[in-house]
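What follows is one structure encoded as structure tokens, with my remarks underneath.
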Amino acid sequence: MKTLTFLFAGFLAAASALHAELAVDPIYQADMVLQRAVCVPICGTSDSAEPITVSFAGQSVQAAVEGGRWQAVLAPMEASAEGRTLTITQGEQKVALENVLVGEVWIASGQSNMFWRLEQTGDRRALEQGEIPAFRYYQAEPQVLLSPRAYPEEKRQLLRSGDMYRGGWCVSTPPNNRRMSAVGWYFGRKLQELLGVPVGVVHVSLGASEMAAWVPPAVLREKYPDCLTSRWMESPYVPAWCRGRGKLNLVADPEEPHPFKPGYLYSTGIAPWVNFPVAGVIWYQGEADAETNNPALNCELLADMIKGWRADFHKEALPFCMVQLPRIRDNSPLRAYWPEFREVQHRVSQLLPAVYYVTTIDLGMTNNDVHPPRKLEVGERLAALAAARVYGCRGVPYSGPAIAGAEAQGEKVVVHYHHASGLKTTDGAAPVGFELSEDGQVYHAAAAELRGESVELSCPELKHPQYVRYAWAVFLNPNLINDAGLPAVPFCRQVEKTAEPQAR
């Protein structure tokens with residue numbers, strides 16, 4: 001296994017110290033799910049030079065011990081919901097991991113809306129009836145949380161040691177599910193239902209965390225070297241709110257580790273998993289970085305983060321499914337640039353292959369709470385997106401109406417849509433949220449009329465509209481949907497010029 005950072009090296013050293021004899025790395029446990037159809041490394045430690053044998057699903061693979069480390073690689077396997085035992089033997093020593101399945105494994109990460117626990121949703125049905133033997137998850141619990149005061153020495157020591165996350169694999173049962181990420185749980189439950197194979201979700205997130213904290217250190221060293229020094233608290237790649245909280249927690253001692261220090265959460269939470277094959281990532285983050293009104297900077301950082309994960313997971317097109325920021329009724333500076341950040345998420349999905357997003361403009365809060373409670377729809381939309389775009393499942397609606405183009409027709413603009421079967425409004429009224437502009441700076445509300453799978457826009461103040469946008473607001477009550485009930489996707493586009501319509 002490749003050592004990525006000093007923090008990851010510390011993680012492995014601690015594992016070796018705890019297990020002076022034969023041991024498997026902590027991420028491998030009973031009840032886990034292994035990724036189907038790919039080679040699966042199984043890794044651990046031993047202080048003996050005797051060869052290791054790993055046995056599972058009819059395979060027996062040997063591995064040599066080098067420098068106290070060993071790695072055995074299982075050949076690709078078909079999905080199986082049969083709970084089988086994975087054994088690791090060395091001489092007279094034996095480690096047995098029971099009830100192991102083979103299926104699809106996803107990572108769920110981001111900030112507080114991904115961290116939001118199932119028990120916080122109030123969904124009693126899910127909490128009382130969530131026994132799904134073919135759905136498993138690894139819940140990584142952060143040991144240092146967001147705090148409005150200086151960290152005590154015990155928390156500082158945890159951060160120094162890299163012991164940020166502790167967790168384990170669980171079968172989906174009502175007692176286990178309560179503390180699981182709600183979005184991660186709803187996603188896994190729905191994906192398992194859609195695919196009909198076991199699903200495992202590895203949840204690693206932290207409230208209020210910014211993108212830079214999740215960027216691999218190798219990427220930071222190459223492109224953002226100042227982020228790895230004490231100057232990270234002045235970096236434009238770390239939002240002002242996060243920098244301020246870091247100074248408060250560390251009492252302005254930037255040499256100390258902090259959850260918001262660029263690369264830290266990746267090193268402690270994601271790096272231990274890079275040799276554990278996964279099918280993809282679901283990502284709910286952006287509230288922190290949307291404070292920065294610099295779309296170019298945010299696009300670059302988000303794209304580099306994704307490319308860095310892909311490089312470390314040795315998967316060039318690792319699917320990355322994002323949650324586009326929802327609405328929020330909040331006029332504070334922290335939320336002012338949410339429309340711009342939604343566009344950042346769209347641009348990155350166009351820039352990189354296998355990057356997708358779900359629209360949640362209809363699910364946000366009608367007050368200033370940054371934590372919308374409707375996590376079920378978010379998780380299930382992500383599952384539908386993955387089923388359709390990653391697994392090629394036919395007939396699974398995964399997108400609301402998405403702009404295909406906008407053309408000028410005289411003084412009017414016609415917006416054409418993909419995913420627009422049954423285009424309609426939720427209230428039977430005219431579509432709301434459309435705006436037109438002649439210069440791309442000053443926008444005016446546009447009257448909208450449905451025209452099949454298109455929307456015709458007009459604005460008396462404008463004779464030659466050149467730009468059109470939809471749902472470009474921190475808060476609105478959108479009403480445009482398709483026949484699957486999925487909301488239209490926010491956008492900002494230039495209008496294409498067309499010939500004047502001919503009189504008939």
Side-chain angles (χ1 to χ4, degrees), residues 18 24-35 79-86 95-146 158 163-207 269 272-273 276 278-279 282 284 371-380 382-383 386:
L18 281 171
V24 66
D25 286 346
I27 61 174
Y28 302 97
Q29 298 178 12
D31 299 327
M32 66 182 171
V33 178
L34 300 177
Q35 178 63 38
S80 174
E82 177 189 353
R84 294 173 288 190
T85 300
L86 187 151
V95 175
L97 307 180
E98 298 179 340
N99 198 22
V100 176
L101 308 184
V102 180
E104 294 295 311
V105 183
W106 284 72
I107 289 178
S109 190
Q111 57 183 108
S112 57
N113 275 306
M114 184 62 84
F115 185 82
W116 202 252
R117 301 184 192 278
L118 188 60
E119 65 183 358
Q120 292 176 280
T121 66
D123 185 348
R124 294 188 62 183
R125 182 177 179 182
L127 290 168
E128 295 171 1
Q129 302 177 18
E131 186 163 345
I132 310 170
F135 174 31
R136 314 288 177 82
Y137 54 82
Y138 185 102
Q139 173 70 5
E141 292 286 349
Q143 302 304 295
V144 181
L145 296 171
L146 189 66
L158 283 171
D163 190 16
M164 178 65 183
Y165 288 99
R166 300 175 187 172
W169 283 96
C170 297
V171 179
S172 176
T173 64
N176 290 337
N177 296 341
R178 303 189 68 86
R179 294 181 64 79
M180 175 57 179
S181 157
V183 169
W185 189 82
Y186 287 125
F187 165 81
R189 179 183 68 170
K190 187 65 176 179
L191 188 64
Q192 197 280 318
E193 174 188 317
L194 289 169
L195 299 182
V197 301
V199 168
V201 173
V202 177
H203 168 236
V204 187
S205 66
L206 187 70
W273 294 91
F276 193 100
V278 299
I282 57 171
Y284 195 161
H371 302 118
R374 292 172 62 182
K375 299 294 192 281
L376 182 150
E377 291 97 326
V378 178
E380 292 198 342
L382 285 167

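Residues take their numbers from the sequence shown, with the count starting at 1.
For the pair Met32/Arg136, no side-chain contact is recorded, criterion being any heavy-atom separation below 4.5 Å from C-beta on. Side-chain contact between Glu141 and Arg179 is present, with at least one heavy-atom pair separated by less than 4.5 Å. Side-chain contact between Asn113 and Val378 is absent, with no heavy-atom pair separated by less than 4.5 Å. Two residues are said to be in side-chain contact when any heavy atoms from C-beta on lie closer than 4.5 Å; Glu380 and Arg189 meet this criterion. Side-chain contact between Val199 and Tyr137: absent, with no pair of heavy atoms (C-beta onward) separated by less than 4.5 Å. A heavy-atom distance below 4.5 Å is not found between the side chains of Tyr186 and Leu382. A 4.5 Å side-chain heavy-atom check between Arg84 and Val100 finds every atom pair outside the cut-off. Between Met180 and Arg117 there is no side-chain heavy-atom pair separated by less than 4.5 Å.
Residues meeting the ring pair (Phe, Tyr, Trp, His ring centres under 6.0 Å) test with Tyr284, sequence neighbours left out: none. Residues satisfying the side chain to side chain contact (heavy atoms under 4.5 Å, CB included) test with Arg125, not counting sequence neighbours, are Asp123, Gln129.
Proximity of a side-chain donor or acceptor of Tyr165 to a complementary backbone N or O of Gln139 within less than 3.5 Å is not detected. The backbone N or O of Met114 sits less than 3.5 Å from a side-chain atom of Ser181, completing a donor-acceptor pair. Judged by distance alone, the side chain of Thr121 and the main-chain N or O of Pro373 form no donor-acceptor pair under 3.5 Å. With hydrogens and angles ignored, the 3.5 Å screen pairs a side-chain donor or acceptor of Asn176 with a backbone N or O of Val171.
Ring geometry, Phe115 versus His203: the interplanar angle falls from 30° to 60°, so the pair is classed tilted. Between Trp185 and Phe135, the ring planes lie tilted relative to each other; the angle falls in the 30° to 60° range. Between Trp106 and Phe187, the angle of the ring planes goes over 60°, which puts this pair in the perpendicular group of the 30/60° scheme.
Between Gly130 and Pro174 the shortest heavy-atom distance is N-CG, 3.9 Å. Here the closest non-hydrogen pair linking Ala108 and Gly184 is CB-CA, 4.5 Å. For the pair Lys375 and Val183, the tightest heavy-atom approach, listed with the atom from each and the gap, is CD-CG2, 3.5 Å. Scanning both residues, Ala140 and Val204, for their nearest heavy atoms gives CB-CG2, 3.8 Å.
In this structure, Ile27 CD1 and Trp169 CH2 are separated by 9.0 Å, a value rounded to the nearest 0.5 Å.
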